[in-house]
Amino acid sequence: MFEIPLYPYARSADQDAPAPVRHKVVVVGAGPIGLAAGIDLAQQGIEVLILDDNDKVSFGSRAVCYAKRPLEILDRLGCGKRMVEKGVEWNVGKVFFDDRLVYEFNLLPEEGHQFPAFINLQQYYFEEYMVDRIRELQKEGAPIEIRGRNKVAAVADHGDHVAIEVDTPEGPYNLTADWLIACDGANSSIRSMMGLDFVGRVFEDNFLISDIIMEADFPTERWFWFDPPFNRGQSALLHKQPDNVWRIDLQLGWDIDKEREKRPENVIPRLKAMLGEDVEFELEWISIYTFQCRRMEKFRHGRVIFAGDAAHQVSPFGARGANSGLQDTDNLCWKLKLVMDGKAPESLLDSYDFERIHGADENILNSTRSTDFITPKSEISRIFRDAVLDLSEHFEFARPMVNSGRLSVPCTYDGSPLNSADALLGGPARTRPGSPCPDAPLGDEFLLPKLGGRFTLLTIDADAPDVIEEDGIEVTRLALSVKDDPTLALKERYLGDAESAVYLIRPDQHVAARRPSFDENIFRAAIRRATGKE
């Protein structure tokens, strides 16, 4: 699988053009985030070109845990259900201290959601499914192209366009783009070319990732150990993936020889100490990573916009890397569409900076706290950590303090300039302005697919026009009643103590405004604010 080209190099007409060909959007990087950006833009009718210096799926499982909110985003991109069908679903996590189970949690205890809390799926499947989706879009006539072995060698922002130099097996060529989205990973060459860097922390610790193939009857749960007998003084993590592949993370400490630790003759004894001498397994992929919690100071630099690991990095515990990157593109693409169509000012893109930096900071905070708990930096910190773990076995009050990686949850954009003031008295906190819409059952269907990827006026037992057009922005109504959901999840998640509600929902399914009833002037102002015009 790793050696089969998914998008093999082929000479493009751009390479023979007498002058650099101009594209609407160029996405650099065909990992999960770049592919998502390309699909999102193409589905909105925007011409997009994806460039990647590789031509095949990533080697090894890499990003493996995908949370409910990104799965909902991927469903709008046309591949969420396929990922769930292949992936391993899980909601339960267990925490061990030494060899004792001290804590157990359920990430989705409530009913009424179309997607599970998490699935585990190797990144190479993710990328394969996304490329398949691109091929589907191309057959439908969508304006999207992906070019393998096209490595960006230079970029220059000229104010009204970006100039790009591309290296290929047949030599270099030049092109230009109205916009460039850099999704080229943690070691982003675009970031380096522009002289930009990260701010944040690099932690003094290393973890060994091993993907192994074995048949085992472990349940489909996330198991995390502090100070286990097989890795004394350190930690360990076990996850199940499809095809009898298991992910094992083992903490190694700081002062190690990385190349030596990755050799099979050194990895296998560590795994046998964990799994048992008689357990048969095959190594599929081995890597070592160092915790990093860092981000760029700004994600937008003129007409070059950064997303995913190119913009921010967090430690893997908590599954915040790819999940937050998918929320980056979900936030960006509808805004870029409005700007390109002349329906919103370019300053709307500054809200991408505000909102996704807010999200990155939230992820970095949680990831840093997880790292500090998993790897205490002093003896007193370790004593405190171990006391919390001991107490959590018997006392519920201690369990929220156990931090084996606070798992990814969607970001609420509190304080965003696109939000209108909350006017729904008694409304649930989880659906305040800035929040991502939680799903809810509607008979045999669910709420989120009905919201789609457009501006929506969601009315619950309230009257409003079927369509509002404000300065080129069309908002369509979705009229619901609590009678549509006998489980009352819709009432609990969107009404609370209120009798009725009207919500303005953004294309990325975040709440922009809510009130108990429709007021035309107020909602027109909310639409203008949500599109950066106020």
Side-chain angles (χ1 to χ4, degrees), residues 2-3 5-39 41-42 46-59 62 123 127 130-131 134 143-198 294-313 325 328-329 332 336:
F2 301 129
E3 299 306 321
L6 269 182
Y7 37 95
Y9 171 76
R11 190 172 185 85
S12 70
D14 289 3
Q15 288 166 263
D16 299 314
V21 175
R22 185 150 177 167
H23 293 268
K24 292 292 186 181
V25 180
V26 169
V27 174
V28 181
I33 311 311
L35 293 170
I39 292 169
L41 292 167
I46 295 175
E47 185 259 324
V48 58
L49 169 63
I50 303 172
L51 302 176
D52 195 87
D53 58 358
N54 199 353
D55 59 4
K56 53 182 75 74
V57 297
S58 298
F59 185 78
R62 297 180 180 268
Q123 184 171 321
E127 293 179 8
M130 297 287 269
V131 172
I134 288 173
I144 184 168
E145 182 183 356
I146 182 169
R147 295 180 189 169
R149 300 186 70 189
N150 274 240
K151 180 178 181 179
V152 174
V155 296
D157 187 344
H158 291 283
D160 64 344
H161 72 280
V162 181
I164 306 164
E165 182 181 324
V166 184
D167 284 341
T168 76
E170 296 181 319
Y173 70 101
N174 294 292
L175 51 81
T176 62
D178 291 351
W179 299 91
L180 185 149
I181 305 176
C183 305
D184 53 340
N187 298 314
S188 169
S189 59
I190 306 296
R191 197 177 62 236
S192 298
M193 290 171 200
M194 296 180 67
L196 303 170
D197 203 354
F198 283 133
R294 307 188 296 165
R295 68 165 172 83
M296 298 176 69
E297 291 192 58
K298 288 173 53 185
F299 295 172
R300 181 192 171 206
H301 292 263
R303 288 183 171 259
V304 179
I305 303 171
F306 292 81
D309 284 354
H312 46 75
Q313 289 176 271
D328 288 347
T329 59
L332 172 62
L336 190 56

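This chain uses plain numbering: 1 for the first residue, then up along the sequence.
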dist Asp309:CG -> Arg294:CZ (nearest 0.5 Å) comes out at 11.0 Å

When you look at His312 and Asp328, which way does the side chain to side chain contact (heavy atoms under 4.5 Å, CB included) test go after all the steps?
CA-CA 10 Å; His312 46 75; Asp328 288 347; 2.6 Å; yes

Is it true that Asp14 and Arg147 have a side-chain N and a carboxylate O under 4.0 angstrom from each other?
yes

Thr168 and side-chain contact (heavy atoms from CB on, under 4.5 Å): which partner among Lys151, Arg149, Gln15?
Gln15

Heavy atoms of other groups near Asn187 CG, more than 12 under 6.0 Å
no

Using 0.5 Å steps for rounding, measure from the CD atom of Glu145 to the OH atom of Tyr7.
13.5 Å

Non-hydrogen side-chain atoms of Ile134 and Ile39 separated by less than 4.5 Å
yes

If you take all heavy atoms of Asp52 and Gly31, which pair is closest and at what distance?
OD1-N, 4.4 Å

So which atom in Glu47 and which in Lys24 form the shortest heavy-atom distance, rounded to 0.1 Å?
OE1-N, 2.7 Å

Separation between CD1 of Ile181 and CG of Leu41, rounded to the nearest 0.5 Å
5.0 Å

Nearest heavy-atom contact between Met193 and Ala154 is SD-CA, 3.7 Å

Would you say the side chains of Asn150 and Tyr173 form a donor-acceptor pair under 3.5 Å?
yes

Using every non-hydrogen atom in the two residues, find where Phe299 and Ala311 come nearest and quote the distance to one decimal.
CE2-O, 3.5 Å

What verdict does the side chain to side chain contact (heavy atoms under 4.5 Å, CB included) test give for His161 and Trp179, after you've listed the backbone C-alpha separation in whole Å, the side-chain angles of each residue and the deciding distance to 0.1 Å?
CA-CA 7 Å; His161 72 280; Trp179 299 91; over 6 Å; no

In sequence, state the C-alpha distance, the side-chain angles, and the governing distance for Leu180 and Val152, and then conclude on side chain to side chain contact (heavy atoms under 4.5 Å, CB included).
CA-CA 11 Å; Leu180 185 149; Val152 174; 5.6 Å; no

Note: Pro20 and Thr176 closest approach over all heavy atoms is CB-CG2, 4.2 Å

Answer yes or no: is there a side-chain heavy-atom contact under 4.5 Å between Val304 and Val162?
yes

Contact check, side chains of Met130 and Pro32, non-hydrogen atoms, under 4.5 Å:
no

Look at the side chain of Arg11 and the backbone N and O of Ala13, then say whether any donor-acceptor pair between them is shorter than 3.5 Å.
no

Taking the side chain as everything from C-beta on, heavy atoms only, tell me whether Asn174 gets closer than 4.5 Å to Ile164.
no

How far apart are the C-alpha atoms of Leu6 and Asp55, what are their side-chain angles, what is the distance that settles it, and do they pass the side chain to side chain contact (heavy atoms under 4.5 Å, CB included) test?
CA-CA 6 Å; Leu6 269 182; Asp55 59 4; over 6 Å; no

Over 60° means perpendicular and under 30° means parallel, so classify the ring planes of His301 and Phe306, tilted if in between.
perpendicular

Carboxylate-amine/guanidinium contact Arg303 Asp178, below 4.0 Å:
no

